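Data block below; observations after.
Because the structure is predicted, anything quoted here is derived from the model rather than measured.
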Amino acid sequence: MQNKNIYIGIDLGTSSVKVIAADASGAIRAEQSESYKVSYPEKGYSEQNPADWFKATIKALSRLNVKNVKGIAVGGQMHGLVALDKGGNVIRPCILWNDGRTFKETAYLNSLKKLPEWTGNIAFAGFTAPKILWLKDNEPENFARTDKIMLPKDYLVYMLTGEFVTDYSDASGTLLLDVANKRWSREMLEICGLNENKLPRLCESYAFLGTLKKELADKFGWTDVKVAVGAGDNAAAAAGTGTVFENDCNISLGTSGTVFVACDKFVLPKNNALHSFCHANGKWHLMGCILSAASANKWWIEDILNSDYSDPEKAIKKLGKNDVFFLPYLTGERCPHNDVNARGAFIGLSADTTIEEMSLAVLEGVAFALKDCLEIGVKVNKSTVCGGGAKSALWLKILANVLNLPLYRVETEQGPAYGAAMLAMTACGEFDCLESASKLAVKTLVQTPEQGLVEAYAEKYKKYKKLYPLLREWYEAAGK
């Protein structure tokens with residue numbers, strides 16, 4: 001008999017919030033989503049109003065129309081700076097993960113030789129700590145008013161429960177956490193001018209933190225709904241794809257692109273070129289992040305070609321033989337280059353270059369950028385793949401051959417929302433650990449490498465790797 005208890009997973013994304021209702025067998029009973037806007041007040045800036053997240057979430061939950069809800073958890077966009085005053089009011093719009101204003105603060109933090117020792121990572125412009133320094137220097141009145149600093153999903157949890165907490169996976173991306181020892185870094189708090197009481201209480205992602213506020217539970221017709229701490233979106237997505245055991249890998253082709261490798265122990269990556277973060281299962285992971293993945297293809301197909309996605313792909317025939325290259329650095333790049341000034345580029349154009357060749361170059365360029373992340377000494381032999389870009393059979397074929405990895409898709413592909421539902425199930429005792437819950441993620445092989453294409457793409461990748469170093473000086477000069 002199918003378990004009737006329902007668990008809700010919330011994915012607080014950059015463009016929308018998605019909520020799903022699943023039972024303990026892993027079956028999806030209902031799902032809803034609501035969108036909201038991103039604001040770009042200046043070049044390189046990216047902000048959102050946290051109130052929009054809560055409003056959209058409540059609307060989506062109201063439309064789920066499910067009963068017997070026992071637990072909720074949230075997976076959410078990472079790194080965003082949410083500042084609240086003593087009254088619990090949002091002081092200013094949230095500075096998002098893809099905001100590039102903190103290049104000076106990032107450079108300063110990376111001048112501190114002991115930074116990787118304190119945090120397990122170097123600074124990237126999207127991280128939270130550089131944003132705090134920016135706020136302190138550029139909006140000192142707002143900084144002085146700040147009583148609580150939160151990440152986006154933690155603000156949502158705060159509004160749902162009144163609890164001021166975060167989990168280790170999301171806290172890892174603040175650059176305020178000593179990742180190896182799973183505690184706030186005293187050195188980084190001093191540098192940022194913070195007291196620890198302004199930061200959330202640290203918990204495991206699957207921990208039970210409290211119950212849904214009564215007025216909200218009554219609104220939805222629920223009673224005694226437990227809420228788990230939740231996780232950063234990448235850790236939640238990894239849980240939802242069963243990427244929880246040593247050397248398991250998940251690749252996401254979402255707005256950004258990520259390579260996520262689970263680790264049983266803390267690992268400091270070579271040259272600090274990857275992120276070394278805590279995982280939602282209580283362990284750790286390595287992650288490479290590129291800022292433009294499916295968003296690069298969306299820009300090319302929708303904004304430039306004003307076309308349907310299937311049109312250019314239908315005409316693409318010559319995999320591994322394309323002479324056009326594309327660098328997908330449309331909004332700068334994070335891993336492994338850490339360059340906010342980097343920009344996209346087509347290289348190798350000629351008078352007879354076709355739209356099909358340029359369209360193929362975009363797909364290949366993202367695949368090569370993801371390979372850059374795996375080249376930093378991370379050894380895996382297979383990977384799951386998720387995200388909107390993974391719906392393209394052509395892109396999966398390119399990716400499998402560029403990476404020389406068999407790729408698997410999870411039958412229930414709900415990303416961070418599904419992983420969040422697993423965290424809720426674990427917090428409520430349906431499973432004894434997240435590893436047990438992750439077995440709900442049934443994987444199907446969708447693409448294997450082909451030796452001829454693997455060899456062709458290996459040769460093309462050698463050429464691709466030379467392009468960024470050649471352009472780096474120009475990027476730097478153009479960014480001044």
Side-chain angles (χ1 to χ4, degrees), residues 11 13-16 18 33 35-38 40 43 46 77 96-98 100 233 237 251-259 289-334 342-373 385-403 407 409 413 415 446-447 453 457 460-461 464 467-468:
D11 174 13
T14 309
S15 59
S16 66
K18 180 177 182 179
S33 65
S35 61
Y36 33 73
K37 296 181 179 179
V38 179
Y40 305 101
K43 183 180 179 180
S46 181
Q77 51 168 297
L96 298 184
W97 61 274
N98 56 352
D233 54 2
I251 295 169
S252 174
L253 285 173
T255 300
S256 60
T258 58
V259 176
C289 177
I290 64 172
L291 295 182
S292 298
S295 57
N297 197 39
K298 179 179 183 293
W299 162 79
W300 174 243
I301 299 294
E302 295 185 12
D303 299 343
I304 304 303
L305 298 184
N306 193 25
S307 175
D308 181 83
Y309 282 84
S310 61
D311 290 343
E313 290 194 6
K314 285 179 183 177
I316 293 173
K317 306 295 183 185
K318 300 178 180 179
L319 295 189
K321 300 178 181 180
N322 192 12
D323 292 326
V324 180
F325 290 82
F326 176 71
L327 300 182
Y329 312 143
L330 298 179
T331 56
E333 189 53 297
R334 188 179 288 185
R343 288 295 179 265
F346 281 105
I347 296 172
L349 302 180
S350 62
D352 60 353
T353 294
T354 65
I355 287 177
E356 289 73 31
E357 288 171 326
M358 295 177 75
S359 298
L360 176 56
V362 171
L363 303 180
E364 291 174 336
V366 172
F368 289 143
L370 290 168
K371 185 176 177 67
D372 276 345
C373 296
V385 61
C386 65
K391 296 176 183 177
S392 167
L394 174 64
W395 210 350
L396 291 185
K397 184 172 183 177
I398 293 167
L399 189 63
N401 286 288
V402 167
L403 302 181
L407 300 179
R409 184 183 283 123
E413 212 286 79
V446 290
Q447 186 64 57
L453 281 178
Y457 274 125
K460 184 165 185 180
Y461 178 66
Y464 174 90
L467 297 177
Y468 171 77

Which residues pass the ring pair (Phe, Tyr, Trp, His ring centres under 6.0 Å) test with Phe325, not counting sequence neighbours? none
Any heavy-atom pair between the side chains of Ile290 and Val259 that's under 4.5 Å? no
When rounded to the nearest 0.5 angstrom, what distance separates CG in Leu253 from CG in Leu370? 6.0 Å
Those residues at least two apart in sequence (or on a different chain) that pass side chain to side chain donor-acceptor pair (under 3.5 Å) with Glu333 are none
Would you find a donor on one side and an acceptor on the other, under 3.5 Å apart, between the side chain of Ser295 and the backbone of Thr255? yes
For the pair Arg409 (side chain) and Ala390 (backbone), establish whether a donor and an acceptor sit closer than 3.5 Å, ignoring hydrogens and angles. yes
Only counting residues at least two apart or in another chain, list the ones meeting side-chain contact (heavy atoms from CB on, under 4.5 Å) with Leu330. Ser292, Ala296, Trp299, Phe326
State which residues pass side chain to side chain donor-acceptor pair (under 3.5 Å) with Lys460; sequence neighbours excluded, sorted by chain then number. Glu364
Results of side chain to side chain donor-acceptor pair (under 3.5 Å) for Tyr36 - residues two or more places apart only: none
Under 3.5 Å donor-acceptor, Asp11 side chain and Lys18 backbone: no
Going from OH on Tyr468 to CG on Leu327, what distance comes out if it is rounded to the nearest 0.5 angstrom? 10.5 Å
By side chain to side chain donor-acceptor pair (under 3.5 Å), which residues pair with Ser46, not counting sequence neighbours? Asn98
Nearest 0.5 angstrom please: Thr354 OG1 to Asn322 CG, how far? 7.5 Å
Under 3.5 Å, is there a donor-acceptor pair between the side chain of Gln77 and the main chain of Gly13? yes
Can I get a per-line list of side-chain donor-acceptor pairs under 3.5 Å for residues 393-401, giving both atom names and the distance, sequence neighbours left out?
residue	atom	partner	partner atom	Å
Trp395	NE1	Leu363	O	3.0
Asn401	OD1	Glu450	N	2.6
Asn401	ND2	Lys397	O	2.8

Can you tell me if Asp372 and Tyr461 form a side-chain donor-acceptor pair at under 3.5 Å? yes
Kindly state each residue pair satisfying side chain to side chain donor-acceptor pair (under 3.5 Å) with at least one member in residues 344-353, sequence neighbours excluded. Ser350-Asp352, Ser350-Thr353
Name all residues meeting the salt bridge (Lys or Arg N to Asp or Glu O under 4.0 Å) criterion together with Lys298; count only those two or more places apart in sequence or in a different chain, and write none if there are none. Glu302
